[in-house]
**Student:** 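For reference, the structure I am asking about is given below.
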Amino acid sequence: MIKATTVEQVKKYVRECKKKGKSIGLVPTMGFLHEGHASLMKRARKENDIVIVSDFVNPTQFGPNEDLEAYPRDFDADCKLCESIGVDLIFHPTPEEMYGEKNFSKVHVDKLTEGLCGAVRPVHFDGVCTVVTKLFNISRADRAYFGQKDAQQLAVVSRMVKDLNYNIEIIGCPIIREEDGLAKSSRNTYLDEEQRKAAVILHKALSMAEQKALDGETDAALLCKEIAEVIEQEPLAKIDYVEAVDWDELSHTDVIDGKTLFAIAVYIGKVRLIDNFIIG
Ligand code: AMP
């Protein structure tokens with residue numbers, strides 16, 4: 001596996017692959033890789049000749065009061081996991097390498113970025129769209145793999161690719177969970193033992209609502225109310241949002257009418273966790 005730290009290294013490798021007519025799958029990550037990331041890499045491995053993983057804690061998607069410095073990192077462990085899956089190249093640039101001394105450009109998607117996590121993380125999706133655009137251009141990937149764990153990100157990137165005619169296919173992958181249902185996340189390492197137990201409430205509340213929706217309940221407002229009620233039973237949990245939105249535009253909806261995303265963000269202590277399900 002090639003460990004690349006510069007844009008030029010990746011571009012050179014990609015030029016050689018393209019010359020040989022090889023297809024490229026890209027998995028963008030912020031590192032500290034776990035089985036959620038591994039599921040994306042394995043899918044990319046199956047569907048492409050070449051797999052590139054980016055491992056970059058992107059500073060532009062963190063707000064001033066967010067956890068950029070504290071974000072967990074373990075590049076050696078990441079390399080081992082990537083190698084075991086058969087990744088061809090891991091791209092691990094510094095912020096200076098990615099953004100240079102001067103950078104005046106960014107990519108912005110309207111509307112889909114305004115609600116849900118965008119409401120409390122105003123710079124987040126511009127940072128995501130810009131870094132993802134850069135990674136698409138550097139890797140010239142045919143396919144890029146994103147987890148439904150970050151459902152808004154998946155919807156926003158899919159919309160960006162459609163609106164701006166990027167030559168790349170976006171593949172959404174299912175949420176990988178711990179045995180007790182908590183969605184795997186690098187941020188779970190911030191939870192102490194008691195908080196970790198309490199965090200199961202997110203999945204518990206969502207599965208209750210998902211089952212009711214599968215049984216025919218179409219009142220999305222009612223389901224959101226019930227999700228909130230379950231979460232409020234957990235003293236360590238504080239709801240940021242519980243929302244139902246249509247999948248296409250991420251606009252608020254009170255009824256399940258077509259593909260609908262139920263998304264939640266909940267603080268367990270100071271740790272903000274997100275989870276969701278999609279129905280219809
Ligand atoms: P991150 O490193 O947190 O930026 O995540 C990189 C990619 O892995 C994103 O597309 C995430 O949605 C995806 N991902 C993270 N956690 C999970 C999970 N538990 N299941 C599936 N995909 C995940």
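Counting starts at 1 for both ligands and their atoms, following the listed order. A quick note: this is a predicted structure, and the numbers were derived from the prediction, not measured. Positions are given from 1, in the same order as the sequence printed here.
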**Student:** Salt bridge check, E234 against K204: does any charged N sit closer than 4.0 Å to a carboxylate O?
**Tutor:** no

**Student:** Relative to the ring of F62, is the ring of Y71 parallel (under 30°), tilted (30 to 60°) or perpendicular (over 60°)?
**Tutor:** perpendicular

**Student:** Could you note down all residue pairs passing side-chain hydrogen bond (donor to acceptor under 3.5 Å, both in side chains) where residues 266-280 supplies at least one of them, sequence neighbours left out?
**Tutor:** Q148-N276, R177-D275, D240-R272

**Student:** Can you name the residues that form a side chain to side chain donor-acceptor pair (under 3.5 Å) with E66, not counting sequence neighbours?
**Tutor:** R121

**Student:** Can you spot which of H37, H34, E178 makes a side-chain hydrogen bond (donor to acceptor under 3.5 Å, both in side chains) with K184?
**Tutor:** E178

**Student:** Check ligand 1 against the protein and report each N/O to N/O distance under 3.5 Å, formatted as atom name, atom name, distance.
**Tutor:**
from	atom 1	to	atom 2	distance (Å)
ligand 1	2 (O)	M30	N	2.9
ligand 1	2 (O)	H37	NE2	2.9
ligand 1	5 (O)	H37	NE2	3.4
ligand 1	10 (O)	G147	N	2.9
ligand 1	12 (O)	G147	N	3.2
ligand 1	12 (O)	G147	O	3.2
ligand 1	12 (O)	D150	OD2	2.6
ligand 1	16 (N)	K184	O	3.4
ligand 1	19 (N)	I176	O	2.9
ligand 1	19 (N)	K184	O	2.8
ligand 1	20 (N)	I176	N	2.9

**Student:** Going by salt bridge (Lys or Arg N to Asp or Glu O under 4.0 Å), name the residues that satisfy it together with E114, two or more places apart in sequence or in a different chain.
**Tutor:** none

